[in-house]
Enquirer: 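Pasting a structure below so you can have a look.
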Amino acid sequence: MRKKHTSREYESELKDLKSQLATMAYDVKAMIHDSMNALQKKDIKLAEEVIERDFYINQIELEIDEFCLIILARRQPLAKDLRFITIALKMVTDLERMGDMTVSIARRVIKLQKMPPVKIPDKILLMAKSVQEMLQLAIESLLESDATKADQVLEQDDSVDELYHQNFRYLIKLMAQNENLIEPLVHLQSVAKWLERLGDHCTNLAEFVVFKVSGENVRHVSRAK
Amino acid sequence: MKQFEIQNLSAWYHQNQVLSGVSLDITLKTATAIIGPSGCGKSTFIRCLNRMHELSEGARLEGKIILDGEDLHGQQIDPVMLRRRVGMVFQKPNPFPHWSILDNAVSGLKLTHRLKHSDKFSIAESALRKAALWNEVKDRLNQPGVSLSGGQQQRLCIARALAVEPEVILMDEPCSALDPIATARIEDLIHDLKKNYTIIIVTHSMQQAARVSDQTAFLLHGILVEMSDTNQLFTSPKDSRTEDYITGKFG
């Protein structure tokens, strides 16, 4: 059984922090889902909603930052607790950037409305699905302190990168064949780039969880493999 | 280079065993913190290192303590002289109440009749300077030691330990009776002193251990659970009992 802190107040602060991080991550996951849904369904209203929701993500980032500072000042955490607070401060930055990327996708949705219609390549949809699975795994690994799930995120990023490269070649080919579609296809390429970056941020989140759980710093090591 | 080699040290007060098979090395001119909950044997441990433990009634020990390659319990070791080599600073500052600041600083030499009158002032000045107290007391050296603030009295006790030119200074919770500013002064002093002396400090404050020491040993129920580089121990301890203690999941 997991041992609890002798101070119940401290125990509950750390629990709150974890749950705030998970809530923020779930909000970002919903934004990825909705921005891609808006892209597929050409739903401008949904795209605008995603853009508006970014304001709340920014707010949560500030709140979690402040909460971490208070815990550092009042509790002077050590060992796993210290590692948790330091990764929490980093995770919010990644999650906030991820929110910004969904906004970028949503903005592309709005721009694409004014252009000749293009079919969304399957590879982009697969990337979006994969990135959401990675984020889900990263959240679960945080909540369950499960480094194995975090490792799965790191593995899955390779397939997202591979899909990105395949899609890139496919879009270049399409552009060469249809000059009048170059502009919307460039926007789709941007969407793919944001998805690939979202995958990288999921990897960061997973690496932070590994550090929290084991004290082992796997950043850059996994990338080099 | 090793200052102390402690091999399989066990200690008792009457039937009560307070240390069980502690083995560790203390590196020369470093600061080592000993942490652990009340009753874990921290103070007994450092009291063994200058043979103060044996002064308590019913106290005994087993195992070996090697200081600079020499067995601490060897026949050639004089415990009184040993305590000059391995000085001690206690929890509460304890200057001699009726003695002046100057006499307190050199009391270790005065009491063993090894002080030439002509040397008294220069030895006191040197010790008080090393203890970072000189500038605060140089104009009132003849006032009683107890006229100083708590933090200054503790630095006077450190000066007293330094005046006999020790190799090691043991500190048993030296800041527990001091305010944060006086504590910061003592911690700064520890930082300076370890350039020339080996420091072993018992502390209840994990933050203090983290701030002042190069390596930290965690004792629990008289057993050495873990001894690591301080940075390592406070960020990623190896033993789950250390983790539980330093993150406050104890008891």
Side-chain angles (χ1 to χ4, degrees), chain A residues 1-18 21 67-91 141-147 150-151 206-222, chain B residues 31-40 42 173 175-176 178-181 183-184 187 201-221 224-251:
Chain A
M1 205 181 82
R2 192 183 72 85
K3 266 196 188 166
K4 289 184 174 173
H5 293 82
T6 309
S7 162
R8 281 173 295 169
E9 191 78 11
Y10 185 27
E11 176 80 17
S12 110
E13 284 168 8
L14 293 174
K15 213 170 143 192
D16 280 355
L17 176 61
K18 195 188 261 191
L21 270 176
F67 193 32
C68 287
L69 283 184
I70 290 168
I71 295 176
L72 282 170
R74 289 169 61 111
R75 305 290 182 187
Q76 293 152 27
L78 289 170
K80 197 174 276 186
D81 298 340
L82 177 61
R83 298 201 300 271
F84 177 40
I85 307 297
T86 57
I87 65 140
L89 284 165
K90 285 167 173 277
M91 282 177 114
S141 71
L142 172 74
L143 290 173
E144 297 159 21
S145 293
D146 183 347
D151 283 340
E207 287 168 344
F208 295 144
V209 173
V210 172
F211 178 65
K212 182 210 166 214
V213 174
S214 67
E216 190 193 353
N217 206 331
V218 294
R219 282 180 300 161
H220 310 303
V221 177
S222 61
Chain B
T32 301
I34 314 289
I35 61 164
S38 298
C40 72
K42 307 183 288 287
E173 296 184 51
C175 302
S176 60
L178 305 183
D179 69 24
I181 295 166
T183 298
E187 290 179 359
I201 177 171
V202 163
T203 176
H204 263 126
S205 160
M206 280 167 293
Q207 280 71 29
Q208 180 169 66
R211 288 191 296 263
V212 304
S213 69
D214 302 296
Q215 56 268 322
T216 299
F218 171 52
L219 292 179
L220 183 64
H221 308 311
L224 175 69
V225 172
E226 179 169 352
M227 181 166 181
S228 304
D229 170 81
T230 295
N231 291 340
Q232 162 85 32
L233 189 130
F234 287 111
T235 54
S236 296
K238 294 184 199 106
D239 194 289
S240 62
R241 290 168 294 177
T242 316
E243 172 88 39
D244 288 345
Y245 180 68
I246 67 175
T247 56
K249 292 176 185 165
F250 186 81

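Numbered from 1 within each chain, the chains take letters A, B, ... in sequence-line order.
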Enquirer: Looking at OG1 of T247(B) and CG of L14(A), how far apart are the two atoms once the value is rounded to the nearest 0.5 Å?
Expert: 9.0 Å
Enquirer: Any chance you could measure I246(B), atom CD1, to K80(A), atom NZ, to the nearest 0.5 Å?
Expert: 11.5 Å
Enquirer: Please tell me if the side chains of K249(B) and K4(A) come closer than 4.5 Å, counting only heavy atoms from C-beta onward.
Expert: no
Enquirer: To the nearest 0.5 Å, what is the distance between CG on L78(A) and CD on Q207(B)?
Expert: 5.5 Å
Enquirer: Among side-chain atoms of S236(B) and R83(A), is any donor-acceptor pair under 3.5 angstrom?
Expert: yes
